[in-house]
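What follows is one structure encoded as structure tokens, with my remarks underneath.
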Amino acid sequence: MSYTSENDHSGTGQDAFISKDHGLAYWESISADENGMLGGIPSVAGFANTSKIDLQGSRNFLAKFGIGSRSKSKSTPGLRQCKRIIEGGAGVGRITEGLLTELLLDEDGKVDVIEPIAKFTAKLQGKKGVGKVYVMGLEEWAPEFQYDLVWTQWCVGHLTDEQLVEYLKRCKSVLAEDGLIVIKENTTVMGHDEFDEEDSSVTRGETTFQNIFQKAGLRVVKAEFQKGFPQTKTMKLLPVRMYALKP
Ligand SMILES: C[S@@+](CC[C@H](N)C(=O)[O-])C[C@H]1O[C@@H](n2cnc3c(N)ncnc32)[C@H](O)[C@@H]1O
């Protein structure tokens, strides 16, 4: 999921290409661990390191909005925590456990997760700080709570543009005052959308994302590239962008 794709199907109808069944069958075949979640990045590039770099990049991004962990707020006055957070397409909870739970205000705070593959979420159920686990795709999720932060990373390529607009509208409808929606995704180098046959997903270009956000009635209040991912001569990771969105 993280390589530059040689399968450019620009112009192919998305609905025909993004097959939910095929996408889910692909993820069912993937191991339920962090390595599986970042499986597109070969271990030679230092997978563990990549996850750590990713989480630190996200932490730094959130700090720019004054959102930070309880422990950090002792040394950095002004950081605030969240009452309730939701992670979309959470996989095995790499981000929920590695970042989002540390942002909770207190013991009552919860991180809810949405993830269609039950074997991925099995170990997350009942863990400290984890709230409701929605075993379903983002396109099926109906919100029940209000959120200070909605984090969705490396999974929206499984939704058509239309489904993604509707998902974002639902997120917006339950966003707390001063809440934030973050989309962190691979984006294409050349700017047009590319389809990946292996998992039936789309990697979008910058313009497509901007159009989707606009249709959902969201403003991009900050956009940054993730820095510091390993690159080798044989493996080039796609640029990963973090978009902070508000109504
Ligand atoms: C590359 S993994 C990323 C997992 C997690 N976001 C992370 O960064 O560790 C992609 C995840 O998207 C999930 N996924 C596939 N189709 C989805 C859909 N329609 N809605 C939500 N998640 C989906 C997969 O099951 C998988 O857990």
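Indexing begins at 1, ligand by ligand and atom by atom, following the structure's order. No experiment lies behind these values; they were computed from the predicted model shown.
Both the backbone and the side chain of Met37 come within 4.0 Å of ligand 1, counting heavy atoms alone. Of the heavy atoms in Glu115, only side-chain atoms (C-beta onward) come closer than 4.0 Å to ligand 1. Using a 4.0 Å cut-off between heavy atoms, Val92 makes no contact with ligand 1 at all. Looking at Leu159 against ligand 1, only its side chain comes within 4.0 Å, counting heavy atoms.
In the vicinity of Glu87, heavy-atom distances shorter than 4.0 Å reach the ligand 1 atoms 6 (N). Heavy-atom contacts of Glu139 reach the following atoms of ligand 1: 18 (C), 19 (N), 20 (N) (cutoff under 4.0 Å). Shown in contact with Ile117 at under 4.0 Å from a heavy atom are these atoms of ligand 1, numbered in order with element: 25 (O). In summary, the atoms of ligand 1 found under 4.0 Å from a heavy atom of Gly137, numbered by their order in the structure, are 18 (C), 19 (N), 20 (N). With ligand atoms numbered from 1 in the order given, ligand 1 contributes 6 (N) to contacts under 4.0 Å with heavy atoms of Gln153. Taking a cut-off of under 4.0 Å to the non-hydrogen atoms of Trp154, the atoms of ligand 1 that pass are 1 (C), 2 (S), 3 (C), 8 (O), 10 (C). Ligand-side atoms of ligand 1 in range of Ala90: 5 (C), range being under 4.0 angstrom from any heavy atom.
Shown here is Lys83, whose NZ atom has no more than 12 heavy atoms of other residues, nucleotides or ligands within 6.0 Å.
Side-chain contact check for Thr152 versus Leu138: some heavy-atom pair is nearer than 4.5 Å. Using a 4.5 Å heavy-atom cutoff, the side chains of Arg59 and Leu99 are in contact.
At a threshold of 4.0 Å, the pair Asp106-Arg70 does not count as salt-bridged, since none of the basic side-chain nitrogens sits closer than that to a carboxylate oxygen. With salt bridges taken as basic N to acidic carboxylate O contacts below 4.0 Å, none links Asp161 and Lys215.
Atom OG1 of Thr96 sits about 3.5 Å away from atom CD of Glu87, to the nearest 0.5 Å.
The only member of Arg84, Lys110, Arg170, Lys132 that meets salt bridge (charged side-chain N to carboxylate O under 4.0 Å, His left out) when paired with Glu144 is Lys132.
The heavy atom nearest to atom 5 (C) of ligand 1, out of those in Gly98, Gly89, Pro116, is found in Gly89.
Between the side chain of Lys172 and the backbone N or O of Leu218 there is no donor-acceptor pair closer than 3.5 Å.
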